[in-house]
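Reviewing the structure listed below.
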Amino acid sequence: MVALTPKETALLPNYPNPFNPETWIPYQLSEPADVTVTIYAVDGTVVRQLVLGHQSIGIYQGKSRAAYWDGRNALGEPVASGVYFYTLTAGNFTATRKMLIRK
């Protein structure tokens, strides 16, 4: 079990990328934390916020554990193809990555 305990918290590349408007956003936590993933348009506008709640130490990589985004904004409308950014906030940790959505 020790081998499955991440030494650092990290935000990993989303998948599948970029051929599907829905995507999974994997991450790993080195300590328990309240986790939120925020998706931004290229102009910095918040498109969607995924509040994942309190998560324990672990690797959240598979489709059953990674954060899931259905490619829709907060109003439930499908987003346009283009570049988006996603930010993981877990306790004091914050990281941002870029993703491409194509329909």
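Quick note: numbers below take in every heavy atom, side chains included, and nothing from hydrogens, waters or symmetry partners.
Side-chain atoms of Ile39 and Leu50, non-hydrogen and from C-beta on, do get closer than 4.5 Å to each other. Side-chain contact between Tyr60 and Leu88 is absent, with no heavy atoms from C-beta onward closer than 4.5 Å. By the 4.5 Å heavy-atom criterion applied to side chains, Pro6 and Ile57 are counted as neighbours.
Across every non-hydrogen atom of Leu52 and Ala67, the tightest pair is CD1-CB, 3.7 Å. Here the shortest heavy-atom pairing between Ala66 and Gln61 reads CB-O, 3.7 Å. Heavy atoms only, all atoms of each residue included: His54 and Pro32 are closest at NE2-CB, 3.6 Å.
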Step-by-step side chain to side chain contact (heavy atoms under 4.5 Å, CB included) determination, Leu11 to Thr87: CA-CA 8 Å; Leu11 177 59; Thr87 299; 6.0 Å; no
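Considering CD of Gln28 and CZ of Arg65, their distance stands at 11.5 Å, rounded to 0.5 Å. Within the model, atoms CZ of Arg72 and CD of Glu22 stand 9.5 Å from one another, a figure rounded to the nearest 0.5 Å. To the nearest 0.5 Å, atom OG1 of residue Thr36 and atom CD of residue Gln55 are 10.0 Å apart.
Ala33 is linked by a side-chain contact (heavy atoms from CB on, under 4.5 Å) to Ala90, counting only residues two or more places apart in sequence or in another chain. Every side-chain contact (heavy atoms from CB on, under 4.5 Å) that Phe85 has, sequence neighbours left out, goes to Tyr40, Val42, Val83, Thr96, Lys98. The salt bridge (Lys or Arg N to Asp or Glu O under 4.0 Å) test applied to Asp34 returns no partner, not counting sequence neighbours. Take Ala80 and apply the side-chain contact (heavy atoms from CB on, under 4.5 Å) test, not counting sequence neighbours, and it matches Tyr84. Residues passing the side-chain hydrogen bond (donor to acceptor under 3.5 Å, both in side chains) test with Thr9 are Ser30, sequence neighbours excluded. Residues forming a side-chain hydrogen bond (donor to acceptor under 3.5 Å, both in side chains) with Gln49 (at least two apart in sequence, or on another chain): Thr38. Take Glu31 and apply the side-chain contact (heavy atoms from CB on, under 4.5 Å) test, not counting sequence neighbours, and it matches no residue. Not a single ring pair (Phe, Tyr, Trp, His ring centres under 6.0 Å) links Phe93 to another residue, sequence neighbours left out. For Tyr86, there are no ring pair (Phe, Tyr, Trp, His ring centres under 6.0 Å) partners two or more places apart in sequence or in a different chain.
The salt bridge (charged side-chain N to carboxylate O under 4.0 Å, His left out) pairs that include a residue from residues 37-60 are Arg48-Asp70, where partners are two or more places apart or lie in different chains. Counting only residues at least two apart or on different chains, no salt bridge (charged side-chain N to carboxylate O under 4.0 Å, His left out) pair has a member in residues 76-90.
Distance alone, capped at 3.5 Å, is enough to place a donor-acceptor pair between the Tyr15 side chain and the Lys63 backbone.
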